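Report on the structure given below.
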Amino acid sequence: MKLLLVEDEEMLSRTIAKGLEILGYAVDRAYDGEEALYLYGLNEYDLMILDLNLPKLDGMDVLRQIRKEDEEFRVLILSARNSLEDKVDGLDSGSNDYLTKPFEFKELEARIRSLLRRNFTTRNRVLSCGCLKLDTAAKRVYCGKKQVELTRKEYALLEYLFHHNDRMIRAEELIEHAWDSETDLFSNSFRFHIHSLRKKLDAAGAEGYIVSQRGLGYRLTYGEETHE
């Protein structure tokens, strides 16, 4: 999943981003309100973590502007404004959750995980496709009873395919949700990870589950052949 972290304190921003990247998230960072809106309009994100005390444009103004365009986009406020009135104002203005500073990183990650689950029509924690089962909370994948050991990038790609298995997903869309915006879209990293993911699934007994068609993209399905 791809996140936009809006935090003007550089050290805190770097620490949060590093922790989330270790967990497998792709993270872009903005340091003021205007940059946040610019990146929001430029890229497709699954969730925004939004500080309120921002330079150039206050976080509440950022939130209100987003809500004028999109009522569904997930926004988690992370702010030192900790009064009841601030929390009520943030939630009434359209944030999906409100976490105050200082905070424990585990709680932040749990809230992000909870909000991302709400992004999809299914509320099941465990998703299935043929013999494959994907546990979105534990971030584990099984083929039957056997766990399939995946890297963070491989898991991120497979999870996105699981959530959108009703259509072909272009490579650019997969890259956008598994890598940050600094990634070179023309590098071999994506093809390497897709190849490695397919190889591991094939070895586990889920052969041919990732279908590809040149010019159209990739899709997770059961019992079809791949076409490069």
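Everything numeric in this text was worked out from a predicted model, so none of it was measured.
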What do you reckon, are the aromatic ring centroids of Phe190 and Tyr218 less than 6.0 Å apart?
yes

Check whether Glu7 reaches the backbone of Glu9 with its side chain - one donor and one acceptor, N or O, closer than 3.5 Å.
yes

Pair Glu154, Ser196 - check side-chain hydrogen bond (donor to acceptor under 3.5 Å, both in side chains), show working.
CA-CA 8 Å; Glu154 290 164 357; Ser196 178; 2.5 Å; yes

Do the side chains of Leu78 and Lys101 get nearer than 4.5 Å, heavy atoms only?
yes

Think Lys139 forms a cation-pi with Phe162, using NZ or CZ under 6.0 Å from the six-ring centre and within 45 degrees of its axis?
no

As a test of understanding, state which of Asp86, Asn53, Asp51 forms a side-chain hydrogen bond (donor to acceptor under 3.5 Å, both in side chains) with Arg81.
Asn53

Has the side chain of Arg152 got a donor or acceptor atom that lies under 3.5 Å from a matching backbone atom of Ile22?
yes

Going through the distances and angles, do Tyr45 and Phe73 end up as a ring pair (Phe, Tyr, Trp, His ring centres under 6.0 Å)?
CA-CA 8 Å; Tyr45 296 100; Phe73 181 64; 7.3 Å; no

Within this structure, what is the OG-CE distance for the pair Ser212 and Met168, rounded to the nearest 0.5 Å?
7.0 Å

Lys106, Arg111, Arg113 screened by salt bridge (Lys or Arg N to Asp or Glu O under 4.0 Å) with Glu109, the one that passes
Arg113

Output yes when a side-chain donor or acceptor of Arg170 lies under 3.5 Å from a complementary backbone atom of Gly217, and no otherwise.
no

Please answer whether the main-chain N or O of Asp89 pairs with a side-chain N or O of Ser93 as donor and acceptor at a distance below 3.5 Å.
yes

Minimum heavy-atom distance between Glu69 and Tyr40, given as atom pair plus value
OE1-CE2, 3.7 Å

Measure the spacing between CG of Leu5 and CG of Leu50 and express it to the nearest 0.5 Å.
9.5 Å

Hey, could you give me the CD1/CZ distance between Ile112 and Phe105, rounded to the nearest 0.5 Å?
6.5 Å

Before giving the answer on salt bridge (Lys or Arg N to Asp or Glu O under 4.0 Å), spell out for Asp202 and Lys199 the whole-Å C-alpha distance, their side-chain angles and the decisive distance to 0.1 Å.
CA-CA 5 Å; Asp202 288 351; Lys199 188 175 180 180; over 6 Å; no

Determine, stepwise, if the pair Glu159 / Tyr155 fulfils side-chain hydrogen bond (donor to acceptor under 3.5 Å, both in side chains).
CA-CA 6 Å; Glu159 182 180 53; Tyr155 175 86; 3.3 Å; yes

Considering all heavy atoms, the nearest Ala17-Arg29 contact
CB-CD, 3.8 Å

Answer yes when Lys2 and Asp28 have at least one side-chain N-carboxylate O distance shorter than 4.0 Å, and no when they do not.
yes

Check this for me: Phe103, atom CZ, are more than 12 non-hydrogen atoms of other residues, nucleotides or ligands nearer than 6.0 Å?
yes

Between His164 and Leu220, is there a side-chain heavy-atom distance shorter than 4.5 Å?
no

